[in-house]
A.B. asks: 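What follows is a single structure, and I will ask about it in a moment.
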There are 2 protein chains.
Amino acid sequence: MRDPTNPVCRTISTLLSRIGDKWTVLVVQTLGQGSHRFNELRREIPSVSQRMLTLTLRNLERDGLVSRTVTPSIPPRVDYELTELGKSLQKPICGLVTWAMDNVGSIHAAQARFDAAQDKAVAA
Amino acid sequence: MRDPTNPVCRTISTLLSRIGDKWTVLVVQTLGQGSHRFNELRREIPSVSQRMLTLTLRNLERDGLVSRTVTPSIPPRVDYELTELGKSLQKPICGLVTWAMDNVGSIHAAQARFDAAQDKAVAA
DNA sequence: CAGAATCCTTAACGATACTG
DNA sequence: CAGTATCGTTAAGGATTCTG
C-alpha cells in the first residue's frame with residue numbers, strides 16, 4: 001500500500017504534494033468563489049508570480065480539477081473554473097485547513113516549548 | 001485571511017507544506033499503528049533516508065504532533081509516538097487520502113486527455 | 001541504536017524580458 | 001490580456017561518513 005512503485009500511491013503522493021505546494025490551495029479556494037480570469041486570480045492572490053500561477057493552473061487543469069475556457073477575442077479572455085472534481089476536493093481541503101486553524105495555538109505553544117528546550121541544551 | 005504576513009496563515013501554510021512533503025504523512029500513518037523506535041520506522045518506510053527520517057521526526061516533534069522518549073541504555077532506545085494532537089490530525093489526513101483513492105481514476109483519465117491534447121497541438 | 005555532519009545534485013521558485 | 005522563455009538563486013533531498 002505504501003510501495004512507491006504502486007501507481008495509486010504515486011498519485012496520492014503527487015496529490016499531497018500539490019496540496020502542499022505554495023499556491024494550489026489558494027487558487028482552489030479562490031476559484032471556489034466562482035469563475036475567475038487569469039489576472040483576476042493574480043489580483044486576488046497578489047503574492048503569486050505570473051509564472052507560478054500559470055504552472056499551478058496547468059497542473060490543476062491537467063489533473064481535471066480546473067477547466068480553462070478561452071474566448072478568442074482581442075484582447076484574449078481566459079476563464080478558469082473548478083470542475084465537479086475540483087469542487088469535490090474542497091471538502092477534504094477544508095477539513096485540513098479547519099484542523100490547522102483550530103490548533104494553531106497548540107502548535108505555537110509546542111514550538112515555543114521545543115525551541116526553549118533547544119536553547120537550554122545549546123547553552124549548557 | 002490570506003495575507004502571508006498573518007501568523008495564522010503562515011502556520012496553516014507551513015502545515016500544508018508539511019502534509020505535502022515526501023515523508024510526513026507516511027510517518028504519521030505508521031505511528032498511527034502505535035509507538036515505533038527509530039529503526040522500526042526505517043524498516044516500515046524503506047525508501048526514507050536516515051537524514052530525512054530524522055528531520056521529519058524533529059519537525060513533527062517541534063509541532064507537538066509526535067513525542068520522543070529516550071531510554072538512556074546501551075545501546076540507546078528512542079520511541080516515537082503520536083501525541084493527542086498528532087492523533088487528531090489523522091482524521092483530516094485520512095479525508096484527503098480517501099478522496100485521492102476515490103478519484104485516482106478520474107485524475108488519470110483527465111491527465112491522459114490533457115496529454116493527448118498537448119501531443120496533438122505539438123504535432124500540428 | 002540513533003543520530004549528526006558534510007557534500008553534492010536536482011528541483012522549485014522568483015524576477016525579468018518578450019509575444020500573439 | 002494571457003501568457004512563454006530564460007536566467008539565477010535558494011532549498012529539498014539523497015548518499016556517505018563519522019560518533020556517543
Side-chain angles (χ1 to χ4, degrees), chain A residues 4-5 10 13-27 30-31 35-62 66-81 114 117-118 121-122 124, chain B residues 4-5 10 13-27 30-31 35-62 66-81 114 117-118 121-122 124:
Chain A
T5 65
R10 290 199 48 72
S13 166
T14 304
L15 173 85
L16 291 177
S17 66
R18 286 269 196 290
I19 300 296
D21 79 22
K22 250 174 155 176
W23 308 114
T24 296
V25 166
L26 280 174
V27 169
T30 304
L31 290 179
S35 175
H36 282 70
R37 297 177 63 174
F38 188 82
N39 278 353
E40 286 175 352
L41 284 170
R42 287 194 73 184
R43 276 190 292 277
E44 293 251 8
I45 312 173
S47 45
V48 73
S49 69
Q50 191 176 44
R51 173 186 142 84
M52 285 298 36
L53 182 55
T54 303
L55 289 177
T56 302
L57 288 167
R58 282 289 171 285
N59 283 328
L60 288 170
E61 188 195 357
R62 187 173 112 95
V66 159
S67 68
R68 177 173 181 271
T69 310
V70 181
T71 308
S73 52
I74 296 179
R77 175 192 182 101
V78 180
D79 290 282
Y80 292 94
E81 195 171 4
F114 184 92
Q118 281 304 95
V122 169
Chain B
T5 64
R10 291 198 46 74
S13 167
T14 304
L15 174 85
L16 291 176
S17 67
R18 283 269 195 291
I19 300 296
D21 80 20
K22 248 174 156 176
W23 308 113
T24 295
V25 166
L26 280 175
V27 169
T30 304
L31 290 180
S35 174
H36 282 71
R37 299 178 61 173
F38 187 82
N39 278 354
E40 284 175 353
L41 284 169
R42 289 195 70 184
R43 275 190 292 277
E44 292 252 7
I45 311 171
S47 44
V48 72
S49 69
Q50 191 177 47
R51 174 186 143 83
M52 282 298 105
L53 182 55
T54 302
L55 288 177
T56 302
L57 288 168
R58 282 291 170 284
N59 283 329
L60 288 170
E61 188 196 355
R62 186 172 112 94
V66 159
S67 67
R68 177 172 180 272
T69 309
V70 182
T71 308
S73 52
I74 297 180
R77 175 191 182 101
V78 180
D79 290 282
Y80 292 94
E81 196 171 4
F114 184 92
Q118 281 304 96
V122 169

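Just so it is clear, the model here is predicted, and its values are computed rather than measured. Order of the sequence lines sets the chain letters (A, B, ...), proteins ahead of strands, with each chain counted from 1.
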A.B. asks: Can you check the A:W23 CH2 to C:dC13 P distance for me, whole Å?
C.D. replies: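 The distance from CH2 of A:W23 to P of C:dC13 comes to 9 Å, rounded to the nearest Å.
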
A.B. asks: Can you give me the first and the last nucleotide of DNA chain D (5' to 3') that has an atom within less than 4.0 angstrom of a non-hydrogen atom in chain B?
C.D. replies: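 Under 4.0 Å from chain B, the extent on DNA chain D is D:dG13 to D:dG20.
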
A.B. asks: Rounded to the nearest Å, what distance is computed from the CZ atom of residue B:R68 to the P atom of nucleotide C:dC1?
C.D. replies: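 So the CZ-P distance, B:R68 to C:dC1, works out to 16 Å.
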
A.B. asks: Please identify each residue that fulfils side chain to side chain donor-acceptor pair (under 3.5 Å) with A:N39, with sequence neighbours left out.
C.D. replies: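 A:N39 satisfies side chain to side chain donor-acceptor pair (under 3.5 Å) with no other residue.
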
A.B. asks: List the residues meeting side-chain contact (heavy atoms from CB on, under 4.5 Å) with B:I45, not counting sequence neighbours, and say none if there are none.
C.D. replies: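 With neighbours one apart ignored, the set is B:W23, B:L26, B:V27, B:T30, B:S47, B:V48.
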
A.B. asks: A:R37: what forms a side chain to side chain donor-acceptor pair (under 3.5 Å) with it, not counting sequence neighbours?
C.D. replies: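 None.
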
A.B. asks: Could you tell me whether B:R42 contacts a base, only the sugar-phosphate backbone, or nothing, with contacts defined as non-hydrogen atoms closer than 4.0 Å?
C.D. replies: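 Answer is nothing: B:R42 stays at 4.0 Å or more from every strand.
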
A.B. asks: Partners of A:R42 by salt bridge (charged side-chain N to carboxylate O under 4.0 Å, His left out), sequence neighbours excluded?
C.D. replies: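 Salt bridge (charged side-chain N to carboxylate O under 4.0 Å, His left out) list for A:R42, sorted by chain: empty.
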
A.B. asks: I need the CG-C1' distance between A:L55 and C:dC13, as an integer number of Å.
C.D. replies: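 In whole Å, C:dC13 C1' lies 9 Å from A:L55 CG.
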
A.B. asks: When rounded to the nearest 0.5 angstrom, what distance separates CE in B:M52 from NZ in B:K22?
C.D. replies: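 Those atoms lie 9.5 Å apart.
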
A.B. asks: Could you work out, with side chain to side chain donor-acceptor pair (under 3.5 Å) as the rule, every residue matching A:T56, not counting sequence neighbours?
C.D. replies: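 With neighbours one apart ignored, the set is empty.
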
A.B. asks: Give me the bend of the helix from C:dC1-D:dG20 to C:dG20-D:dC1, using the axes of the five pairs at each end, rounded to 10°.
C.D. replies: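 Roughly 50° between the end axes, to the nearest 10°.
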
A.B. asks: Rounded to whole angstrom units, what separation is found between the CD atom of A:Q118 and the C1' atom of C:dG3?
C.D. replies: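 Taking atom C1' of C:dG3 as the reference, CD of A:Q118 is at 13 Å.
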
A.B. asks: Take the protein atom CZ of B:R58 and the nucleotide atom C1' of C:dG3, then report the distance between them rounded to whole Å.
C.D. replies: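 Result: 8 Å.
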
A.B. asks: B:N59: what forms a side chain to side chain donor-acceptor pair (under 3.5 Å) with it, not counting sequence neighbours?
C.D. replies: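 For B:N59 there are no side chain to side chain donor-acceptor pair (under 3.5 Å) partners, ignoring immediate neighbours.
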
A.B. asks: Mind checking side-chain contact (heavy atoms from CB on, under 4.5 Å) for A:E81 and listing every partner two or more places apart, or none if nothing turns up?
C.D. replies: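 Testing A:E81 for side-chain contact (heavy atoms from CB on, under 4.5 Å), a comparison that skips the adjacent residues, returns A:S35, A:S67.
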
A.B. asks: Hey, what do you get for OG1 (B:T54) to CG (B:L41), rounding to the nearest 0.5 Å?
C.D. replies: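 One gets 10.5 Å once the value is rounded to the nearest 0.5 Å.
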
A.B. asks: Polar pairs (N or O, both sides) under 3.5 Å between protein and nucleotides 7-12 of chain C?
C.D. replies:
none

A.B. asks: Quick one: B:F38 CZ to C:dA4 C1', roughly how many Å, whole number?
C.D. replies: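 So the two atoms are 11 Å apart, to the nearest Å.
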
A.B. asks: Return the set of residues passing salt bridge (charged side-chain N to carboxylate O under 4.0 Å, His left out) with B:R51 (not counting sequence neighbours), or none when no residue passes.
C.D. replies: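 Expected list: none.
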
A.B. asks: Would you mind listing every salt bridge (Lys or Arg N to Asp or Glu O under 4.0 Å) that reaches into residues 66-76 of chain B, with sequence neighbours excluded?
C.D. replies: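 Every candidate salt bridge (Lys or Arg N to Asp or Glu O under 4.0 Å) pair involving residues 66-76 of chain B fails, so no pair, neighbours aside, qualifies.
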
A.B. asks: To the nearest angstrom, how far is B:Y80 atom OH from C:dA2 atom P?
C.D. replies: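 Atom-to-atom, B:Y80 to C:dA2, this comes out as 8 Å.
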
